[in-house]
Amino acid sequence: QKEVEQNSGPLSVPEGAIASLNCTYSDRGSQSFFWYRQYSGKSPELIMSIYSNGDKEDGRFTAQLNKASQYVSLLIRDSQPSDSATYLCAVNEGTYKYIFGTGTRLKVLA
Amino acid sequence: GAGVSQTPSNKVTEKGKYVELRCDPISGHTALYWYRQSLGQGPEFLIYFQGTGAADDSGLPNDRFFAVRPEGSVSTLKIQRTERGDSAVYLCASSPGLPRTGELFFGEGSRLTVL
């Protein structure tokens, strides 16, 4: 099985700052990349998808993809305490199988 | 609601017993996934269904685990002769299929504890 790696954290940022979350993957054939947010005791929920190199913005969230470096990141601008959660990176392996990283725990300090 | 429904939400069983976990996906979603998540880990892929057939069961850890989706909607994950190492949260997710195949909508999970 291919690997998806994330720093487990916790990553602590002050309220209003930019949080930067990173993910690397091993399968050069991967084409689909996703960020999920998981609050403690809850199930993951999709927040961003990205398929092409470059940046994709959605509100306070920006996903960045660099296929040559096998690297995908998530930036959260104007971080809020409600953003405190574990952020999971997911990457496709083949057509329909999705592999998750272990997640990065983000703490936004008020 | 219209989300993915999983039952039971909690299951405590004894080592060696048989367990069934049920998943009712979002109406109209053709793809259904089972994942397993242990504390501090990301979801671990178990099996994927497209319609009634298991398109990829490469994540099932051994032959004690089996899943079915007989009518292409509700799915049941079956675990025989449970072991303490099977304790985890079992997550079901459904997906609308092409072109949004990677958009997984998760249920709240079934927490399995094997004593």
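All of these numbers come straight from a predicted model, not from anything done at the bench. A note on names: the letters A, B, ... follow the listed sequences, proteins ahead of strands, and every chain is numbered from 1.
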Within 6.0 angstrom of [X] [atom1], more than 12 heavy atoms from elsewhere:
X        : atom1 : value
A:Leu109 : CG    : yes
B:Leu39  : CG    : no
A:Lys67  : NZ    : yes

Name every donor-acceptor pair, under 3.5 Å, that has one atom in a side chain of residues 7-25 of chain B and the other anywhere in the protein, sequence neighbours excluded.
from: B:Tyr18; atom 1: OH; to: B:Glu20; atom 2: OE2; distance (Å): 2.7

Contacting moiety of [X], where chain A heavy atoms sit under 4.5 Å:
X        : value
B:Phe105 : neither
B:Leu91  : side chain
B:Tyr48  : side chain

Where does [X] contact chain B at under 4.5 Å (heavy atoms): side chain, backbone, both or neither?
X       : value
A:Tyr98 : both
A:Gln38 : side chain
A:Tyr36 : side chain

Are [X] and [Y] connected, step by step, through hydrophobic side chains (Ile, Leu, Val, Met, Phe, Trp, Tyr) whose heavy atoms are closer than 4.5 Å?
X       : Y        : result
B:Leu32 : B:Val4   : no
A:Trp35 : A:Val108 : yes
B:Phe65 : B:Val74  : no
B:Phe49 : B:Tyr35  : no

Can you measure from CG (B:Asp56) to CD (A:Glu93) and round to the nearest 0.5 angstrom?
->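 Going from CG on B:Asp56 over to CD on A:Glu93, the span is 8.0 Å.
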
Separation between OG1 of A:Thr95 and CD of B:Gln50, rounded to the nearest 0.5 Å |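 These two atoms lie 11.0 Å from each other.
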
From B:Glu108, B:Gln6, B:Gln37, residue fulfilling side-chain contact (heavy atoms from CB on, under 4.5 Å) relative to A:Ser43 = B:Glu108

Nearest atoms (heavy-atom pairs only) where A:Lys97 meets B:Phe45 =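 For A:Lys97 versus B:Phe45, the nearest heavy atoms are CE-CD2, 3.4 Å.
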
Which atoms form the tightest heavy-atom contact between B:Gly42 and A:Leu88, and what is the distance?
-> CA-CD2, 4.1 Å

Can the ring centroids of B:Tyr33 and A:Tyr96 be said to lie less than 6.0 angstrom from one another?
-> no

